[in-house]
**Q** 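One structure, pasted below without further comment.
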Amino acid sequence: MSSASTSSDQFRSYQDDRATKSQDTIYTTSNGVPMPHPYETQRAGADGPLLLQDFHLIDLLSHFDRERIPERVVHAKGSGAHGVFKTTNSLSDLCLADMFQEGKECPITVRFSTVGGESGSHDCARDPRGFSVKFRTEEGNWDLVANNTPVFFLRDPAKFPHFIHTQKRDPSTHLTHADDSTAFWDYLSQNPESVHQVMILMGDRGIPDGYRFMHGYYGHTVKLVNKNGEWVYCQFHMKSQQGTKFLTQEECAEKSPDYSQKDLYNAIESGDFPKWSLVVQTMSAREAEELWEKQKINVLDLTHVWPHKQFPLRKVGELTLNENAKNYFAEIEQPSADPVLQSRLFSYPDAHRHRIGTNYQQLPVNAPRVAYRMANFQRDGSMAFLNQGSRPNYISSIEPISFRERKVNLDTVHGHFISNAVSFLSEIREEDFVAPRALWEKVFDSKAKERWIKNVSGHMENCRDKEIIKRQIAIFREVSEDLAERLEKAIGVKGYEGIRGLSFNGTHNGMRGDGKGIANGMRSGTSRCESNGAPVNGQLGGKVNGVNGYANGNGVVAH
């Protein structure tokens, strides 16, 4: 008999269970009763019906019926691993978070993913990639949720569910945009601010060669606050030390559906640990105002990037993935990891509460690793593993709980707002095409341009409505006449002569001069703003008047 006969499960920890070998276990029911064989059943005679009293069989089947939690609406197909983050270059002059002191280390878990596909979809789909990191710091967990592209399809948060619906299966045909791209291009052609992300998605970076050879971008603007209460705007990037590689559309057909998962797992298993440099771009409040005044770049706009020459990258530390999951479901799949960031600060945790339960933070892989005993007044609910004993579930004078002062003065960091509520929707402007134009004219070489035209024209073949294609070509024409002409030749459809005569259902057209560019033909009800939501001269007032936000860990404040 194995050593299982002498080992005890009475006070076994999660880590102990994770490391236990099969040879050291005994087969039991879910409540610990040993069973001689997992396949046996109780029957009324050898040829008779099953007996309802067979607890083992009912226990087995009822768990089987419930062993799938709802998959994520987005980022359903993923891979992940564990590792460590080390601060190599102190950021303490800008941020008071303990984790950014030179030499500090903390364990991390990273989950990579595609975005639009289902849990069984292909790893090599043309799609953005998710890049989420859970830093288990001594001051609590910090979740950094990123993509492999520096921009996104939208900047108005209410568009997000609608956009995602157009990337999913059609309600009638039940086809994805691989076979019917009508809804995909219909949304994009009505929301031109998506053009920068579309340029990237349909280019070489649209299909990275596995997860090791891609960068990660937080995309959103946060504030770093130092010990003096001074703040700067910040963008986080994770730069692959392996470099970047891509797959062509043709190469994808030759790869396994789980190509990226296999590549990541095998690399770590063989000791080839992938690494990324955590770097930041920072900008003062005054620089943010000047960036809008002079270049029309909105520091809070998810569809724009910060120029690297003006705001150079500063290295902070390194992420190393050095351990594969022992149990993929428990450690990677079951846990769930950004104007758009604020909505994500609600949406992401709410998705976890729906999928897993109100106590999702108690999952071992999610649980904070801090030097103090945590307490709050949350009790009960699904999966209440640690329910805080008999301690009072209110602020008690008999058994008082301790409190710690906040390190960040939110009043001075975020400022004060006295204003009427407005129903705001952004508008498309000339500046929205500057970065996509630079991508086409200065970044893409001749071969990359050829591949881009081939990728887009091939995808558009499945669009059933030529009006949609004509509108999308008009958007691309604002990027480059050369691009539009090449696409027209490849598709055989003549597009409109730019967007100045068009109206969109998803955004105001600020490039129309006749006053008819209001979104969806509305006469009133949705405000337009001269700055398009950007901070303007004098609005921020140095370190005092900021943009309303939400604390996301000590020293790192999210908008």
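Computed from a predicted structure; not experimentally measured.
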**Q** Counting neighbours of NE2 on H308 that are heavy atoms of other residues, nucleotides or ligands and sit closer than 6.0 Å, is the number greater than 12?
**A** yes
**Q** Could you walk me through whether S90 and Q101 pass side chain to side chain donor-acceptor pair (under 3.5 Å), step by step?
**A** CA-CA 5 Å; S90 175; Q101 296 182 40; over 6 Å; no
**Q** Checking the side chain of K168 only, and the main-chain atoms of G116 only, is there a donor and an acceptor separated by less than 3.5 Å?
**A** yes
**Q** Under 3.5 Å, is there a donor-acceptor pair between the side chain of D445 and the main chain of A448?
**A**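 Yes, D445 side chain to A448 backbone: donor-acceptor pair under 3.5 Å.
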**Q** Any luck finding a side-chain donor-acceptor pair between T221 and Q235 under 3.5 Å?
**A** yes
**Q** Given 3.5 Å as the limit, does a donor-acceptor pair link the side chain of Q362 with the main chain of F385, or not?
**A** yes
**Q** Ignoring hydrogens, what is the shortest heavy-atom contact between L321 and V110? Give both atom names and the distance.
**A**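 Residues L321 and V110, closest heavy atoms: CD2-CG2, 3.6 Å.
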**Q** Show, in sequence, the C-alpha distance, side-chain angles and deciding distance for K262 and S256, and conclude whether the side chain to side chain contact (heavy atoms under 4.5 Å, CB included) test is met.
**A** CA-CA 9 Å; K262 183 169 63 176; S256 158; 4.1 Å; yes
**Q** Check for a donor-acceptor pair, side chain of Q310 on one end and backbone N or O of P307 on the other, with a separation under 3.5 Å.
**A**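 Not at all, since once roles are kept as given, no pair shorter than 3.5 Å links the two residues.
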**Q** Donor-acceptor check, side chain of N327 to backbone of F329, threshold 3.5 angstrom: yes or no?
**A**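 Yes, the answer is positive, given that a donor and an acceptor are paired below the 3.5 Å cut-off.
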**Q** According to side chain to side chain donor-acceptor pair (under 3.5 Å), who are the partners of D59, at least two apart in sequence or on a separate chain?
**A**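 D59 satisfies side chain to side chain donor-acceptor pair (under 3.5 Å) with S30 only.
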**Q** Determine whether D93 and N226 make a side-chain contact, defined as any pair of heavy atoms from C-beta on separated by less than 4.5 Å.
**A**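 No, their side chains stay 4.5 Å or more apart.
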**Q** Heavy atoms, side chains only, cut-off 4.5 Å: are R136 and R369 in contact?
**A** yes
**Q** Have a look at F135 and tell me which of F100, F85, F236 forms a ring-ring contact (aromatic ring centres under 6.0 Å, His included) with it.
**A** F85
**Q** For D186, is there any backbone N or O sitting under 3.5 Å from a side-chain donor or acceptor partner on Q190?
**A** no
**Q** About how many Å separate CG of N387 and CG of N359, when rounded to the nearest 0.5 Å?
**A**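 Answer rounded to 0.5 Å: 7.0 Å.
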**Q** Any side-chain heavy atom of K86 sitting closer than 4.5 Å to one from K104?
**A** no
**Q** Please evaluate residues M202 and R126 with respect to the criterion side chain to side chain contact (heavy atoms under 4.5 Å, CB included), reporting the C-alpha separation (whole Å), side-chain torsions for both, the decisive distance (0.1 Å), and the verdict.
**A** CA-CA 8 Å; M202 291 299 174; R126 184 170 297 280; 3.6 Å; yes
**Q** For this output row, return yes or no: ring centroids of F476 and W452 closer than 6.0 angstrom.
**A**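 They qualify: ring centres under 6.0 Å apart.
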**Q** Measuring from T176:OG1 to D170:CG, what's the distance to the nearest 0.5 Å?
**A**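 The CG atom of D170 is 10.0 Å from OG1 of T176, to the nearest 0.5 Å.
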**Q** How far does CZ of R314 sit from NE2 of H237, to the nearest 0.5 angstrom?
**A** 14.0 Å
**Q** The criterion is side chain to side chain donor-acceptor pair (under 3.5 Å); which residues satisfy it with N298, sequence neighbours excluded?
**A**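 With neighbours one apart ignored, the set is empty.
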**Q** Under the 3.5 angstrom rule, does the side chain of R111 hit a backbone N or O of S132 as a donor-acceptor pair?
**A** no
**Q** For A371, does its backbone N or O pair with a side-chain atom of E138 as donor and acceptor, under 3.5 Å?
**A**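 No, E138 side chain to A371 backbone: no donor-acceptor pair under 3.5 Å.
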**Q** Please verify the inter-ring angle class for Y211 with F112; under 30° counts as parallel, over 60° as perpendicular, anything in between as tilted.
**A**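 Correct class here is parallel.
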**Q** For P128 versus F153, what's the shortest heavy-atom pair and its separation?
**A** CG-CE1, 4.0 Å
**Q** Between D432 and H304, does a side chain to side chain donor-acceptor pair (under 3.5 Å) hold up when you go through it step by step?
**A** CA-CA 8 Å; D432 292 314; H304 285 251; 2.8 Å; yes
**Q** Side chain to side chain contact (heavy atoms under 4.5 Å, CB included) for E118 and K77? Distances and angles first, verdict last.
**A** CA-CA 6 Å; E118 298 141 351; K77 178 68 181 294; over 6 Å; no
**Q** How close do A81 and E323 get, heavy atom to heavy atom, and via which atoms?
**A** CB-O, 3.5 Å
**Q** Show your working on salt bridge (Lys or Arg N to Asp or Glu O under 4.0 Å) between K159 and E193 and close with a plain yes or no.
**A** CA-CA 12 Å; K159 291 183 178 182; E193 71 273 21; 2.4 Å; yes
**Q** For T303 and D301, what are the C-alpha separation, side-chain angles and deciding distance, and is it a side chain to side chain donor-acceptor pair (under 3.5 Å)?
**A** CA-CA 5 Å; T303 66; D301 189 336; 2.7 Å; yes
**Q** Could you give me the CA-CA distance, side-chain angles and deciding distance for Q242 and S240, then say whether side chain to side chain donor-acceptor pair (under 3.5 Å) is met?
**A** CA-CA 5 Å; Q242 294 74 239; S240 169; 3.2 Å; yes
**Q** Tell me, with the steps shown, if D24 and K21 meet salt bridge (Lys or Arg N to Asp or Glu O under 4.0 Å).
**A** CA-CA 6 Å; D24 297 327; K21 296 181 179 179; over 6 Å; no
**Q** Considering all heavy atoms of both residues, which atom of E250 and which atom of K454 are nearest to each other, and what is their separation?
**A**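 Residues E250 and K454, closest heavy atoms: OE2-NZ, 3.0 Å.
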**Q** Quick one, N366 with Y360, criterion side chain to side chain contact (heavy atoms under 4.5 Å, CB included). Give me CA distance, side-chain angles, the key distance, then yes/no.
**A** CA-CA 7 Å; N366 283 346; Y360 71 96; 4.0 Å; yes
**Q** Side chains of V198 and W185: closer than 4.5 Å at any heavy-atom pair?
**A** yes
**Q** Counting only N and O atoms by type, is there a donor-acceptor contact under 3.5 Å from the side chain of R205 to the main-chain atoms of L201?
**A**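 Absent.
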**Q** Does the gap between the ring centers of H459 and F184 come in under 6.0 Å?
**A**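 Centroid distance H459-F184: below 6.0 Å, so yes.
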**Q** Begin with the C-alpha distance, continue with both residues' side-chain angles, and end with the deciding distance and a verdict on salt bridge (Lys or Arg N to Asp or Glu O under 4.0 Å) for K315 and E318.
**A** CA-CA 9 Å; K315 185 176 180 180; E318 294 183 343; 2.8 Å; yes
**Q** For the pair S457 (side chain) and I453 (backbone), establish whether a donor and an acceptor sit closer than 3.5 Å, ignoring hydrogens and angles.
**A**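 Checked: pair present.
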**Q** With rounding to the nearest 0.5 angstrom, report the CZ to CD distance, F444 to E450.
**A**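 Rounded to the nearest 0.5 Å, the CZ-CD separation comes to 13.0 Å.
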**Q** What side-chain donor-acceptor pairs closer than 3.5 Å can you find for residues 268-280, not counting sequence neighbours?
**A**
from : atom 1 : to   : atom 2 : distance (Å)
E269 : OE1    : N324 : ND2    : 2.8
S270 : OG     : N266 : O      : 3.1
S270 : OG     : A267 : O      : 2.9
D272 : OD2    : R212 : NH1    : 3.3
W276 : NE1    : M214 : O      : 3.0
S277 : OG     : Q241 : NE2    : 3.0

**Q** Measure the spacing between CD1 of I207 and CZ of R451 and express it to the nearest 0.5 Å.
**A**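 Those atoms lie 11.0 Å apart.
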**Q** Is the shortest heavy-atom distance from the side chain of V74 to the side chain of I164 under 4.5 Å?
**A**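 They are in contact (side-chain heavy atoms under 4.5 Å apart), so the answer is yes.
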**Q** Looking at R72 and H75, what are the two nearest heavy atoms and their distance?
**A** CD-O, 3.2 Å
**Q** Salt bridge or not between D123 and K255? Use side-chain N to carboxylate O under 4.0 Å.
**A** no
**Q** Looking only at the side chains, is there a donor atom on one of S119 and E71 sitting less than 3.5 Å from an acceptor on the other?
**A** yes
**Q** Taking all atoms of both residues into account, what is the closest heavy-atom pair of G210 and S260, and its distance?
**A** CA-OG, 3.5 Å
**Q** How long is the straight-line distance from CD of Q197 back to CG of N191, given to the nearest 0.5 Å?
**A** 13.5 Å
**Q** Do V151 and I200 make a side-chain contact, defined as non-hydrogen atoms from C-beta onward lying under 4.5 Å apart?
**A**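 Counting from C-beta outward, V151 and I200 do come under 4.5 Å.
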